[in-house]
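Labels below follow one simple rule: chain letters A, B, ... track the order of the sequence lines, proteins then strands, and each chain is numbered from 1. Computed from heavy atoms alone, side chains included, the values below leave out hydrogens, waters and symmetry copies.
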Amino acid sequence: MSDRPLRLRFAPSPTGFFHVGGARTALYNWAIALREGGTFVLRIEDTDEARNQPEWTQGIIDALAWIGIDTTDPHFEGPYFQSAYAEQHIAAATRLYEAGHAYYCDLTGEQIQERAKASGKQGYDNYSRDRGLAPGPGRVLRFRVPAGTTVVHDLVRGEVEFDNANIEDFVLLRGSGSPMFLLANVVDDVTMRISHVVRAEEHLPNTPKQQMLWQALGELPPVWAHVPVLVNEQRKKLSKRRDKVAVEQYRDEGILADAMVNYLMTLGWAPAGDTEIVPWSEVVEHFRLEDVKHSPAFFDIKKLNAFNGEYIRAMSVAEFIESSAPYLTSDDVPWPRELFNPVVFDEMAALVQERVSRLDEIVPMVDFLFLADPVIDEAAFTKVMAAPNAVAVLQETIGAYETAEWDADALKETLEAIGAGYELKLGKTQAPIRVAVTGRSVGPPLFEALVLLGRDETQRRLRGALSRFGDAGA
RNA sequence: GCCCCCAUCGUCUAGUGGCCUAGGACACCACCCUUUCAAGGUGGCGGCACGGGUUCGAAUCCCGUUGGGGGUGCCA
């Protein structure tokens with residue numbers, strides 16, 4: 001089974017956004033396809049009520065492209081749509097029926113429950129197995145699970161043995177005649193000549209059923225690999241209801257694709273050596289399914305952010321400026337568009353770059369440069385101005401900055417001298433100036449910002465702060 | 001209930017019988033640097049779930065217990 005051409009597949013169902021767990025599974029498949037010269041097949045499993053399908057599908061394709069899985073890459077094939085192959089699925093089911101591997105059953109869900117209650121056992125009791133029912137409306141087609149055991153050879157878990165006695169005769173075709181997931185999935189994998197099925201662990205219980213289907217269809221099963229699921233802080237499988245799982249959302253918040261990819265790969269696997277931050281090329285070279293951990297991994301946003309900070313700081317300033325642009329020119333920006341000055345931002349960029357871990361932190365860090373008036377954080381203002389001599393420092397600074405040379409060093413020295421008169425260190429002295437000009441007590445380096453703001457605007461803001469005390473400054 | 005999977009610092013992991021006094025990273029704490037905040041540097045806190053074996057030797061192998069997770073649809 002391993003001498004077939006290497007063909008992997010990623011088979012998401014279009015549910016509206018791209019799940020980080022799906023992204024990791026896709027990446028695992030992709031890394032293998034790339035290194036081994038195999039093919040990565042994208043198949044959209046849209047057989048359920050897939051409303052709005054084209055939109056969701058495009059979302060998946062865009063998200064895959066973002067993490068580097070590009071539809072134009074020679075290793076990429078697809079997308080295929082499962083819904084387009086319904087006839088094949090049904091044809092396969094018919095073959096299974098004709099070969100005696102499947103039979104029709106007319107029991108309703110209620111009837112199955114009643115029988116289960118009466119017998120004290122759970123689930124369907126294979127009641128219709130030998131009733132020889134013909135196909136008919138409302139009748140489902142069930143697979144006749146053979147006696148014996150099914151051994152699944154799994155690249156990450158080894159051999160997993162299932163007693164077929166614990167597997168009930170599952171449904172292949174609904175009463176409406178439409179194919180079920182288990183069947184469609186296998187038939188598609190067979191026709192697409194898939195050699196390796198790499199997917200999340202939640203599918204492991206399905207695997208013996210699917211393997212029996214492969215065999216009943218006269219095919220050699222693929223190599224299986226079930227990777228551990230991603231969990232939340234409560235150690236539950238990541239769910240879209242309570243957890244933040246949309247790749248698109250992280251992208252919009254300014255997580256870099258490279259950082260996301262790198263982080264995702266370290267969940268369940270680790271590059272050799274003491275460094276987790278490694279380029280994709282190294283991942284491709286070293287990733288092995290056999291090395292994937294067996295236990296679930298917590299998707300830790302803090303660590304993702306830390307990775308992202310590393311990637312941001314590794315960029316050139318020019319790259320950083322380019323990546324910042326969408327955030328600075330979006331419609332959500334707090335300043336009037338006409339007041340934004342890219343030249344000013346570019347001057348600040350290097351200082352901002354080493355202070356953010358996500359791109360969306362840029363705007364609140366530089367907003368005071370482009371706002372007509374800074375938004376004053378009242379708590380910070382009150383606290384800073386209550387410090388001994390804070391107001392006096394403010395007053396004196398206004399006077400000194402009237403004539404000071406307008407460069408960062410001079411502004412710093414001037415303020416240092418003023419602070420010295422009150423026996424204050426620069427850290428204390430700059431606080432009232434910072435809050436007066438930026439509105440906050442934290443932010444990027446002050447004097448560099450003042451230079452960009454200009455003397456007039458700086459003085460205006462300093463006086464504005466002073467006037468808050470009633471005794472209009474100047 | 002039944003079936004299956006899993007178990008190293010709080011978290012992600014290294015570790016495949018002696019190199020382990022269990023290594024790294026994130027987080028946290030302290031200190032240094034410092035113009036606030038970061039970044040950077042130094043140090044610290046903190047773990048092999050438990051009990052039996054096997055072995056000269058067990059985080060590593062076996063069994064059991066406990067604990068967690070996944071599955072159990074005419075969903076995918």
Side-chain angles (χ1 to χ4, degrees), chain A residues 11-15 45-50 82 105 107-109 112 120-124 138-142 152 154 156-157 160-163 165-168 170-182 184-185 200-208 226 228-229 231 233-237 263 266-277 293-307 309-310 313 351-357 361 365 380 384 408 411-412 415-416 419 425-431 433-435 438 440-448:
Chain A
S13 51
T15 52
E45 307 222 321
D46 55 352
T47 51
D48 202 16
E49 346 84 89
Q82 187 158 72
C105 173
L107 255 39
T108 64
I112 290 170
K121 289 179 184 170
Q122 301 245 319
Y124 173 64
R139 293 180 176 177
V140 301
L141 183 69
R142 287 182 181 273
V152 170
D154 190 295
V156 349
R157 290 167 204 281
V160 185
E161 195 174 314
F162 297 84
D163 185 345
N166 292 318
I167 303 173
E168 65 181 39
F170 52 95
V171 175
L172 263 18
L173 254 30
R174 298 186 181 90
S176 65
S178 65
M180 291 281 291
F181 158 76
L182 245 22
N185 191 262
E201 189 193 350
E202 64 209 63
H203 290 288
L204 188 51
N206 287 150
T207 308
H226 290 89
V229 294
V231 298
E233 210 148 11
Q234 285 74 238
R235 302 246 118 218
K236 303 278 189 204
K237 192 173 68 163
Y263 176 64
T266 66
L267 260 21
W269 178 79
D274 278 344
T275 325
E276 297 176 297
I277 307 281
K293 288 260 299 186
H294 298 182
S295 46
F298 169 49
F299 185 79
D300 186 352
I301 296 171
K302 277 188 177 174
K303 191 157 183 178
L304 204 214
N305 285 340
F307 268 55
E310 295 266 356
R313 275 172 256 122
L351 298 173
V352 173
Q353 183 177 0
E354 65 176 21
R355 286 173 169 75
V356 295
S357 62
E361 293 166 6
M365 193 165 288
V384 165
L411 294 174
K412 179 185 171 190
L415 195 61
E416 243 167 354
K425 287 187 185 171
L426 227 209
K428 291 286 186 198
T429 317
Q430 59 93 47
I433 311 305
R434 176 183 294 281
V435 77
T438 73
R440 305 192 188 89
S441 54
V442 299
L446 181 60
F447 306 109
E448 290 76 357

Check your understanding: Atom CG of A:L446 and atom OG1 of A:T429: how far apart are they, to the nearest 0.5 Å?
Key -> 11.0 Å

**Study point:** Whole-Å P distance, B:G41 and B:G46
**Key:** 23 Å

Point to revise | C1' spacing across the pair B:A25 / B:C32, given as an integer number of angstrom | key: 22 Å

Exercise for review: Find the distance A:E233:CD to B:G68:C1' and express it as a whole number of Å.
Suggested key: 16 Å

Point to revise | Beyond-backbone contact of A:V229 with A:E202, side-chain heavy atoms, under 4.5 angstrom | key: yes

Practice item. Write down the distance between CD1 (A:I277) and C1' (B:C12), rounded to a whole number of angstrom. Key: 12 Å

**Study point:** Rounded P spacing from B:C9 to B:A59 in Å
**Key:** 15 Å

Exercise for review: Inspect the contact between A:K303 and A:E276 and indicate whether a charged nitrogen and a carboxylate oxygen are less than 4.0 angstrom apart.
Suggested key: yes

Just the table, please: protein N/O against nucleotides 69-74 of chain B N/O, every pair under 3.5 Å.
{"from": "B:G69", "atom 1": "OP1", "to": "A:K236", "atom 2": "NZ", "distance (Å)": "2.6"}
{"from": "B:G70", "atom 1": "OP1", "to": "A:K237", "atom 2": "N", "distance (Å)": "3.1"}
{"from": "B:G71", "atom 1": "OP1", "to": "A:K237", "atom 2": "NZ", "distance (Å)": "2.7"}
{"from": "B:C74", "atom 1": "O2", "to": "A:G175", "atom 2": "N", "distance (Å)": "3.0"}
{"from": "B:C74", "atom 1": "N4", "to": "A:L107", "atom 2": "O", "distance (Å)": "3.3"}

Check your understanding: Who does B:U60 pair with, Watson-Crick or G-U, both distances under 3.5 Å?
Key -> none

Check your understanding: Donor-acceptor pair, A:H294 side chain versus A:V156 backbone, under 3.5 Å?
Key -> yes

Exercise for review: Compare all side-chain heavy atoms of A:M365 with those of A:P444 and state whether any distance is below 4.5 angstrom.
Suggested key: yes

Review point. What integer number of Å spans the C1' atoms of B:A58 and B:U16?
Key: 12 Å

Review point. Does A:E361 use its side chain to pair, donor to acceptor, with the backbone of A:S357 at less than 3.5 Å?
Key: yes

Exercise for review: Taking the side chain as every heavy atom from C-beta outward, state whether A:N206 and A:L182 have any pair of such atoms under 4.5 Å apart.
Suggested key: yes

Review point. Nearest-Å distance, CG (A:N305) to C1' (B:A38)?
Key: 14 Å

Exercise for review: Calculate the interatomic distance between A:F181 atom CZ and B:A76 atom C1'; express it in whole Å.
Suggested key: 6 Å

Check your understanding: Does A:P179 offer a backbone N or O that forms a donor-acceptor pair with the side chain of A:R174 under 3.5 Å?
Key -> yes

Check your understanding: In Å and rounded to the nearest 0.5 Å, what is the CZ to CG distance from A:R434 to A:L415?
Key -> 11.0 Å

Study note, to complete from the structure: Assign each of A:S295 and A:P12 the nucleotide of RNA chain B bearing its closest heavy atom; nearer the 5' end lies the nucleotide of A:S295

Point to revise | Distance in angstrom units between A:H294 NE2 and B:C4 P, rounded | key: 17 Å

Check your understanding: How would you label the contact of A:A270 with the nucleic acid (heavy atoms, under 4.0 Å): base, sugar-phosphate, or nothing?
Key -> sugar-phosphate

Review point. If we only count heavy atoms from C-beta on, is the A:L141 to A:V171 side-chain gap below 4.5 Å?
Key: no

Practice item. Could you please name the partner base of B:G1, counting Watson-Crick and G-U wobble pairs only when both distances are under 3.5 Å? Key: B:U72

With 3.5 Å as the limit, what N/O pairs link the protein to nucleotides 34-36 of chain B?
{"from": "B:U35", "atom 1": "OP1", "to": "A:K412", "atom 2": "NZ", "distance (Å)": "3.2"}
{"from": "B:U35", "atom 1": "O2", "to": "A:L446", "atom 2": "N", "distance (Å)": "3.4"}
{"from": "B:U35", "atom 1": "O4", "to": "A:E448", "atom 2": "OE1", "distance (Å)": "2.9"}
{"from": "B:U35", "atom 1": "O4", "to": "A:E448", "atom 2": "OE2", "distance (Å)": "3.0"}
{"from": "B:U36", "atom 1": "O4'", "to": "A:Q430", "atom 2": "NE2", "distance (Å)": "3.0"}
{"from": "B:U36", "atom 1": "O2'", "to": "A:S441", "atom 2": "O", "distance (Å)": "2.8"}
{"from": "B:U36", "atom 1": "N1", "to": "A:R434", "atom 2": "NH2", "distance (Å)": "3.3"}
{"from": "B:U36", "atom 1": "O2", "to": "A:R434", "atom 2": "NH1", "distance (Å)": "3.4"}
{"from": "B:U36", "atom 1": "O2", "to": "A:G443", "atom 2": "N", "distance (Å)": "2.8"}
{"from": "B:U36", "atom 1": "O2", "to": "A:G443", "atom 2": "O", "distance (Å)": "3.0"}
{"from": "B:U36", "atom 1": "N3", "to": "A:R434", "atom 2": "NH2", "distance (Å)": "3.2"}
{"from": "B:U36", "atom 1": "N3", "to": "A:G443", "atom 2": "O", "distance (Å)": "2.4"}
{"from": "B:U36", "atom 1": "O4", "to": "A:R355", "atom 2": "NH2", "distance (Å)": "3.2"}
{"from": "B:U36", "atom 1": "O4", "to": "A:P445", "atom 2": "N", "distance (Å)": "3.2"}

Where do N or O atoms of nucleotides 58-66 of chain B meet protein N or O atoms at under 3.5 Å, pair by pair?
none

Point to revise | Nucleotide B:U8, atom P - distance to CZ of A:F298 in whole Å | key: 15 Å

Check your understanding: Is there side-chain contact between A:L351 and A:E448, with heavy atoms separated by less than 4.5 Å?
Key -> yes

Revision key, fill the gap. Sorted by chain and residue number, the ring pair (Phe, Tyr, Trp, His ring centres under 6.0 Å) partners of A:F307 (sequence neighbours excluded) come out as A:Y263

Check your understanding: Is it true that the side chains of A:S178 and A:S176 contain a donor and an acceptor less than 3.5 Å apart?
Key -> yes

Review point. Is the shortest heavy-atom distance from the side chain of A:D154 to the side chain of A:L204 under 4.5 Å?
Key: yes

Review point. Between B:A76 atom C1' and A:D46 atom CG, what is the distance in whole Å?
Key: 11 Å

Review point. What interatomic distance, in whole Å, is found between C1' of B:G53 and the corresponding atom of B:G43?
Key: 42 Å

Check your understanding: Which part of the nucleic acid does A:R440 contact within heavy-atom distance under 4.0 Å: base, sugar-phosphate only, or nothing?
Key -> nothing

Review point. Which distance, rounded to the nearest 0.5 Å, do you find between the CG of A:D46 and the CD of A:Q82?
Key: 7.0 Å

Review point. Would you call A:V435 and A:R440 a side-chain contact if the rule is heavy atoms closer than 4.5 Å?
Key: no

Review point. Of the nucleotides B:C12, B:C4, B:C6, which one has an atom closest to the side chain of A:V160?
Key: B:C4

Practice item. Any strand is fair game: report the nucleotide pairing with B:A14 by Watson-Crick or G-U wobble, both distances under 3.5 Å, or none. Key: none

Point to revise | Minimum side-chain heavy-atom gap A:S295-A:E201 below 4.5 Å | key: no

Point to revise | Whole-Å P distance, B:G52 and B:G70 | key: 32 Å

Point to revise | Among B:C6, B:A76, B:C3, the nucleotide that comes nearest once only the side chain of A:Q82 is considered | key: B:A76

Revision key, fill the gap. Applying the 3.5 Å cut-off to both distances, the Watson-Crick or G-U partner of B:C28 turns out to be B:G44

Check your understanding: Taking the six-membered ring of A:Y124, is the NZ or CZ of A:R142 close enough (under 6.0 Å from the centre) and on axis enough (within 45°)?
Key -> yes

Review point. Between A:E233 and A:F298, is a side chain to side chain contact (heavy atoms under 4.5 Å, CB included) present by the stated rule, with each step listed?
Key: CA-CA 6 Å; A:E233 210 148 11; A:F298 169 49; 3.9 Å; yes

Check your understanding: Distance between the P atoms of B:C37 and B:C48, in whole angstroms?
Key -> 37 Å

**Study point:** Whole-Å C1' distance, B:G23 and B:U60
**Key:** 15 Å

Check the interface with nucleotides 29-33 of chain B: list each N/O to N/O pair with the protein under 3.5 Å, or write none.
none

Please list, pair by pair, any protein nitrogen or oxygen found under 3.5 Å from a nitrogen or oxygen in nucleotides 22-26 of chain B.
{"from": "B:G24", "atom 1": "O2'", "to": "A:D274", "atom 2": "O", "distance (Å)": "2.6"}
{"from": "B:G24", "atom 1": "N2", "to": "A:E276", "atom 2": "OE2", "distance (Å)": "3.2"}
{"from": "B:A25", "atom 1": "O2'", "to": "A:E276", "atom 2": "OE1", "distance (Å)": "2.8"}
{"from": "B:A25", "atom 1": "N3", "to": "A:K303", "atom 2": "NZ", "distance (Å)": "2.9"}

**Study point:** Base-pairing assignment for B:U54 (Watson-Crick or G-U wobble, both under 3.5 Å)
**Key:** none

Point to revise | 5′-ward residue of the pair A:E161/A:P271 relative to RNA chain B | key: A:E161

